[in-house]
Amino acid sequence: MAREVREGLSATPKRLPSKLFYDEIGSALFEQITELPEYYLTRTERAIFEDYAAEILEAAGPSLTLVELGAGTASKTCILIEELLQLQSRALFYPIDVSPSALNEAVRQMALQFPQLRVSPIVADYTGGVPALARISGRKLVLYIGSSIGNFEPPQAVGMLRRIRRSLRASDALLLGTDLAKSSKILLPAYDDAQGVTARFNKNILDRLNRELEADFDVDAFKHIALWNKHCSRMEIYLESTAKQSVFVPAINMDVHFAAGERLHTENSYKYTDHMVNTILRESGFALERTWTDPKRWFGVHLARV
Ligand code: AVJ
């Protein structure tokens with residue numbers, strides 16, 4: 001973390017990796033975001049699963065073992081699991097996440113809710129591929145949902161999917177959830193909500209540097225900014241310094257200077273077009289088989305074959 005922070009704060013323009021959002025406080029703030037009226041993503045994807053779970057599982061093939069990348073607390077996955085257990089009497093579920101605490105919570109919840117489900121958590125950073133997947137027998141459906149792929153630059157997304165694909169067999173499939181390109185009238189409020197929860201989520205990255213690297217960021221001297229970059233089809237999130245100021249980060253012995261109005265980039269959230277979905281899947285060795293969307297076509301759930 002110290003190395004990545006040093007690198008990002010030394011760069012021009014300044015940046016911090018968006019994965020730093022997700023400490024305990026940030027993860028709780030993200031949970032709050034998913035319930036905001038403006039943040040349509042989570043509820044739209046959930047509605048797609050509610051409407052099409054049976055179709056999705058049928059298309060993926062009989063007797064499935066579910067794997068979920070970045071499972072977190074796996075709350076939307078329950079909809080698919082419930083449907084799966086209508087189709088087969090028992091099932092295996094392998095949630096993969098870097099956070100053991102999030103996984104424990106998922107395992108506990110699922111075991112209570114679904115006695116016929118065997119849950120085997122895997123603590124791993126899936127971005128480097130998951131060799132353990134190759135040892136799982138039977139037909140796998142790998143879930144990568146929640147538009148998590150949106151935080152990657154498309155070439156990085158391709159690299160990640162390619163590493164996952166290497167551990168899969170011909171009968172296996174991938175279920176990818178992507179937020180779709182749409183009007184900035186919908187996108188901007190989703191990333192700059194009226195209650196300011198997204199602003200707090202964004203600023204928590206500075207609070208975190210204060211807590212963990214003993215930095216002295218004056219968090220109130222930064223403003224949350226959300227922009228739509230149509231050319232790159234992505235939302236861009238920044239923290240803008242409202243004044244000329246200096247910050248010291250003792251853990252990396254670094255002085256950081258901000259000009260008034262200077263922006264620190266904290267996140268990209270890519271909004272996929274059909275063309276982009278096709279391209280990243282093809283380039284990573286998958287073939288897009290079918291897409292399910294909501295009636296407004298705001299979110300896409302894509303089934304791809306190895
Ligand atoms: C967790 C990456 C899907 O990009 O919408 C929410 C994170 N950032 N509000 C997204 C996020 C600001 C979110 N993802």
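Start at 1 and go down the list; that is how both ligands and their atoms are numbered.
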* Taking the minimum heavy-atom distance to atom 7 (C) of ligand 1, which of Glu267, Lys19, Arg234 ranks first? -> Glu267
* **Shortest protein heavy-atom distance from atom 13 (C) of ligand 1, along with the residue and atom involved** => Tyr39 OH, 3.3 Å
* Asked: Does Glu4 CD have over 12 foreign heavy atoms under 6.0 Å away?
  -> yes
* Find out whether the Lys NZ or Arg CZ of Lys203 is both under 6.0 angstrom from the six-membered ring centre of Phe222 and within 45° of the ring's axis. => no
* Can you tell me if Gly150 has a non-hydrogen atom under 4.0 Å from ligand 1? -> no
* Asked: Relative to the ring of Phe30, is the ring of Phe201 parallel (under 30°), tilted (30 to 60°) or perpendicular (over 60°)?
  -> tilted
* Please report which non-hydrogen protein atom sits nearest to atom 3 (C) of ligand 1, along with the residue it belongs to and the distance in Å to one decimal place. => Gly146 O, 3.1 Å
* Is there a heavy atom in Phe21 that sits closer than 4.0 Å to ligand 1? -> no
* Work out whether the distance between some heavy atom of Tyr40 and some atom of ligand 1 is less than 4.0 Å. => no
* Structure fact -> the protein heavy atom lying closest to atom 2 (C) of ligand 1 turns out to be Asn151 OD1, 3.1 Å
* Asked: Using a distance-only test with no angle check, is there a side-chain donor-acceptor pair under 3.5 angstrom linking Arg6 and Asn253?
  -> no
* Run the side-chain contact (heavy atoms from CB on, under 4.5 Å) check on Val130 and Tyr94 step by step: do they pass? -> CA-CA 11 Å; Val130 186; Tyr94 294 86; over 6 Å; no
* Any N or O of Tyr191 closer than 3.5 Å to N or O of ligand 1 -> yes
* To do: Compute whether any side-chain donor of one residue and acceptor of the other, for Thr127 and Asp125, lie under 3.5 angstrom apart.
  => yes
* To do: Identify the protein heavy atom lying closest to atom 4 (O) of ligand 1, giving its residue, its atom name and the separation to 0.1 Å.
  => Ser269 OG, 2.7 Å
